[in-house]
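Convention: sequence-line order gives letters A, B, ...; per-chain numbering from 1. Fair warning: this is a prediction, and the values are worked out from it, not measured in the lab.
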Number of protein chains: 2
Amino acid sequence: MAAVAGKALGDSAFSAPGQRGTRQRRVIREWLGTSAAFVSAQQVREGIAAKGDAVGLTTVYRTLQALADAGEVDVLRTDTGEALYRKCGTGHHHHLTCRSCELTIELAGPPSVEKWSQSTADEFGFNDVQHVIELSGTCSNCR
Amino acid sequence: MAAVAGKALGDSAFSAPGQRGTRQRRVIREWLGTSAAFVSAQQVREGIAAKGDAVGLTTVYRTLQALADAGEVDVLRTDTGEALYRKCGTGHHHHLTCRSCELTIELAGPPSVEKWSQSTADEFGFNDVQHVIELSGTCSNCR
DNA sequence: ATTGACAATGACAACCGTTTTCACTTAGAG
DNA sequence: CTCTAAGTGAAAACGGTTGTCATTGTCAAT
Ligand SMILES: [Zn+2]
Ligand SMILES: [Zn+2]
Ligand SMILES: [Zn+2]
Ligand SMILES: [Zn+2]
């Protein structure tokens, strides 16, 4: 689904007209691809710095936001309100996240909840239902 | 479950030894009881002010946090990171919330997901699983 | 290869919700 | 009533995020 028109080694975001390909965006997107965990903007910047590249924090924020808007990364909020980002698959999915290290596994939700979600919304007269299902726990490494 | 020992017309929080019953706490808790929507600390203060009472914002924050710690209110984060609070029932439940006015209905989750949650966690070696299930939509009033 | 228009960058300041500080007030036990 | 520790709230500090704006870099057109 959602095949990119044309370009073969396509990077979907930043290919729209008026969007330029810069070193910073390449580096950020590349680094995100190496992290299985949800990470903060600060962590993205530090991780990139540790590899010798430097990107301004403002640029990290803007790029992450653009990627989130493009649907290329998922965003969630910690209980302190901080935003965490992760490069995820494109289809509908949920997460199993370690509360200690934020390691995350993508899950296909149980099919029954999709129905349940819709019928419950109908029952109470709500439209345009969306559902959020997140599992969290402690991974074997963090035991 | 979690019956309060002794006191009959019990208010669970603020009844521990060393906890004092103040006007501010009474007013905040009372006002929360009248709101079916998730509300911010600011909104709590404004709502109380509109009824002629005045409570410092710091006190609102502290009281909401104490109530949350005591399990008397649920907390969730908006997509901007702001904390919203709601006086909910004590049992395990989920929410159907209007994205426009934050009106919220408490739901019993579909029994199947409780099992699914546990078995999925087991499968990936995660311990102490918790799950968050939130439905959102547009309520009939906000249509 | 050179140019030029305009998107992108990043140091810095502003922002805003939340927490901390601290001098003052007050509930409630004795 | 009195005394003490809990509570209050104005103001300052805090931290993540966003806005500003002068400078830099991309890339289409020449
Ligand atoms: Zn995801
Ligand atoms: Zn872990
Ligand atoms: Zn609730
Ligand atoms: Zn509504």
K.L.:
Between C:dC16 atom P and B:Arg45 atom CZ, what is the distance in whole Å?
P.N.:
16 Å
K.L.:
In chain order, what residues pass the side chain to side chain contact (heavy atoms under 4.5 Å, CB included) check against B:Ser100, with sequence neighbours excluded?
P.N.:
B:Cys98, B:Cys142
K.L.:
Rounded to the nearest Å, what distance is computed from the CZ atom of residue A:Arg20 to the P atom of nucleotide C:dC6?
P.N.:
9 Å
K.L.:
Hey, is the main chain of B:Trp31 close enough, under 3.5 Å, to the side chain of B:Thr34 for a donor-acceptor pair?
P.N.:
yes
K.L.:
If I take atom CD in residue B:Gln43 and atom P in nucleotide C:dT18, what distance separates them, rounded to the nearest angstrom?
P.N.:
11 Å
K.L.:
Is the count of non-hydrogen atoms from other residues, nucleotides or ligands lying under 6.0 Å from B:Glu106 atom CD greater than 12?
P.N.:
yes
K.L.:
Which ones in residues 53-61 of chain A lie close to DNA chain C, meaning a heavy atom under 4.0 Å from one of its atoms?
P.N.:
A:Val55, A:Gly56, A:Thr58, A:Thr59
K.L.:
Choosing from C:dT9, C:dC6, D:dG9, which nucleotide comes nearest the side chain of A:Arg62?
P.N.:
C:dT9
K.L.:
Assess the side chains of B:Asp69 and B:Gln65: does a donor N or O sit below 3.5 Å from an acceptor N or O?
P.N.:
no
K.L.:
Just N and O in the side chain of A:Gln65: are any of them under 4.0 Å from OP1 or OP2 of D:dT18?
P.N.:
yes
K.L.:
Would you say the side-chain atoms of B:Arg25 and B:Thr63 include a donor-acceptor pair closer than 3.5 Å?
P.N.:
no
K.L.:
Would you mind reading off the distance between B:Arg23 atom CZ and C:dG28 atom C1', rounded to a whole angstrom?
P.N.:
18 Å
K.L.:
Just checking, is any N or O donor in the side chain of A:His92 or A:His131 under 3.5 Å from an acceptor N or O on the other one?
P.N.:
yes
K.L.:
Answer yes or no: side-chain N or O of A:Arg25 and base N or O of C:dA8 forming a donor-acceptor pair under 3.5 Å.
P.N.:
no
K.L.:
What is the minimum heavy-atom distance between A:Ile133 and A:His94, and which atoms define it?
P.N.:
O-CB, 3.3 Å
K.L.:
Return yes if some donor-acceptor pair links the side-chain N/O of A:Arg77 with the main-chain N/O of B:Arg77 below 3.5 Å, else return no.
P.N.:
no
K.L.:
Do any of residues 73-85 of chain B sit with a heavy atom less than 4.0 Å from DNA chain C, and if so which?
P.N.:
B:Glu82, B:Ala83
K.L.:
Please check if any side-chain donor atom of A:Thr104 sits under 3.5 Å from a side-chain acceptor atom of A:Thr97, or the reverse.
P.N.:
yes
K.L.:
Could you give the CD-to-C1' distance, from A:Gln24 to D:dT23, as a whole number of Å?
P.N.:
13 Å
K.L.:
Within this structure, what is the CG-to-C1' distance between B:Leu64 and D:dG7, rounded to whole angstrom?
P.N.:
15 Å
K.L.:
Nearest-nucleotide wise, let me know which of B:Thr22 and B:Ala41 is further upstream toward the 5' end of DNA chain C.
P.N.:
B:Ala41
K.L.:
Report the distance from atom CD of A:Gln19 to atom C1' of C:dA7, rounded to the nearest whole Å.
P.N.:
9 Å
